[in-house]
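Below, each value reflects all heavy atoms present in this structure, side chains not excepted, and no hydrogens, waters or symmetry copies. Every number for a ligand or one of its atoms is a count from 1 in the order of the listing. All residue numbers refer to positions in the sequence shown, counting from 1.
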Amino acid sequence: MYSSLKGKHLLTTQDWTLEELERLLAVADRLKQERQLGIYHDQILRAKTFFMLFFEESTRTRNAFEAGIHQLGGHAHFLTPKATQIDHGETAKETVQVLSRYGEGLGIRKTYGPGHAYMREIAKWSSIPVVNMQCEDYHPTQVLADIMTIKEKFQNNLRGRRIVVSWTSAPNYIRPLSMAHSLVLAMPRFGLDVTLAHPKEFSLKPEIMDAARKNAQLAGTKFEVVDSMEAACDGADIVYAKGWGPIMHTEDEAEGIKIIDSYRENGCMDWVVDKHKMDLAKRDSIYMHCMPFDRGVEVTDEVVDGPHSVVIDEAENRLHIMKAIMACTMAGL
Ligand code: CP
């Protein structure tokens, strides 16, 4: 039975059925194609407001929502804790009860601390749809753009193809697990086999791994974990590699950064996507990254600027996915 997506929160793809996710992807695809034909969509969210509450910085997420709602005829309102009374202790409940009276949608990025619990609390008191713009565990708007990109690149023919979700030794700070979690959870549901590759200190959360394996089992897809990026890339269709912190291994930030750096010692390339690894993958394989990436550290220039790379198409699809999310959850398109 067809049920409207109007008013539905998007906190993780796990909360949505496959049919609902496919419907959203179809809307994104239509909006993308019609925009290319010069068709305007500025009546869909006419005079509607989407609040964007960012606890951290963003290039893609903020600007895709902002440009997206402009194209749909509405307005995006940028908020930070400092620009509101949140920094003075205003609770999630009061914040969203008030914003619900002013606008029709709310996105939140809170990647550190209890971001997901904060979003669940907001959603509990909200009378408008709440979108997770990234928390410590999930990044649903990014993974939906990733699925859209993979479908486009492989003409919607995903079953039997294999995605590598690999760790890289990204420097300077502890990145969240949200992207790796979102990929291993969502990709099996769309028929992809998954190879997760990481050194021993970089395990994902056990409850996420259990859910990912269950998704794979239900979808009839393969799911494996290996400790070598090189082995994972052999025969792969998709190489998606980015850094995350040793969060399940240590809570000490300095120790975490030391462990990350140890995998780049003496010019070690084991956890860098380079030409050698892409040569091991299939000839028509694609290289993906949610961006921003560390050039020469996570991926070589040769790969990220080369023929396998789809990172800019992937970033563009954030726009179409954000528009579909707002159109479906705020207007019931
Ligand atoms: N991929 C992604 O979420 O990018 P931003 O951090 O720039 O939003």
Considering only non-hydrogen protein atoms, determine which one is nearest to atom 4 (O) of ligand 1 and report residue, atom name and distance to 0.1 Å.
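In this structure, atom 4 (O) of ligand 1 has R60 NE, 2.9 Å as its nearest protein heavy atom.
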For atom 7 (O) of ligand 1, what's the nearest protein heavy-atom neighbour? Residue, atom name and distance, please.
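Going atom by atom, the protein heavy atom closest to atom 7 (O) of ligand 1 ends up being T59 N, 2.6 Å.
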Can you check whether M291 has an N/O within less than 3.5 Å of an N/O in ligand 1?
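Indeed, backbone or side chain, M291 has an N or O that close.
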Numbered atoms of ligand 1 (with element) below 4.0 Å of T61, judged on heavy atoms
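What qualifies from ligand 1 is 2 (C), 3 (O), 5 (P), 8 (O).
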Against heavy atoms of C290, which atoms of ligand 1 measure under 4.0 Å?
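With C290 as reference, the close atoms of ligand 1 come out as 1 (N).
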Would you mind checking if [Y] and [X] are paired as a salt bridge, meaning a charged N to carboxylate O distance below 4.0 Å?
X	Y	value
D29	K32	no
D261	K258	no
D313	K153	yes

Below 4.0 Å from ligand 1: does a non-hydrogen atom of H139 turn up there or not?
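Contact check H139 vs ligand 1: positive.
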In terms of ring plane angle, is the pair Y287 and H289 parallel, tilted or perpendicular, where the classes change at 30° and 60°?
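Ring orientation, 0 to 90° scale: tilted.
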Do the rings of F65 and F50 sit parallel, tilted or perpendicular, given the 30° and 60° boundaries?
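Taking F50 first and then F65, their aromatic rings lie parallel (interplane angle under 30°).
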Taking 4.0 Å as the limit for heavy-atom contacts, which would you say applies to R109 with ligand 1: side chain only, backbone only, both, or neither?
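Within the 4.0 Å criterion, R109 contacts ligand 1 through side-chain atoms alone.
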Residue-level breakdown please: for R62 versus ligand 1, do any non-hydrogen atoms fall below 4.0 Å on the side chain, on the backbone, on both, or on neither?
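Looking at R62 and ligand 1, no heavy atom falls under 4.0 Å.
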Name the option, out of E57, Q134, E56, R318, that contains the heavy atom nearest to atom 2 (C) of ligand 1.
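Ranked by closest heavy atom to atom 2 (C) of ligand 1, first place is R318.
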Value rounded to 0.5 Å, distance of CZ in R162 from SG in C233:
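One finds 8.0 Å between CZ of R162 and SG of C233.
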Quick one: do the E265 and S262 side chains pair a donor with an acceptor below 3.5 Å?
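No, no side-chain donor-acceptor pair sits under 3.5 Å.
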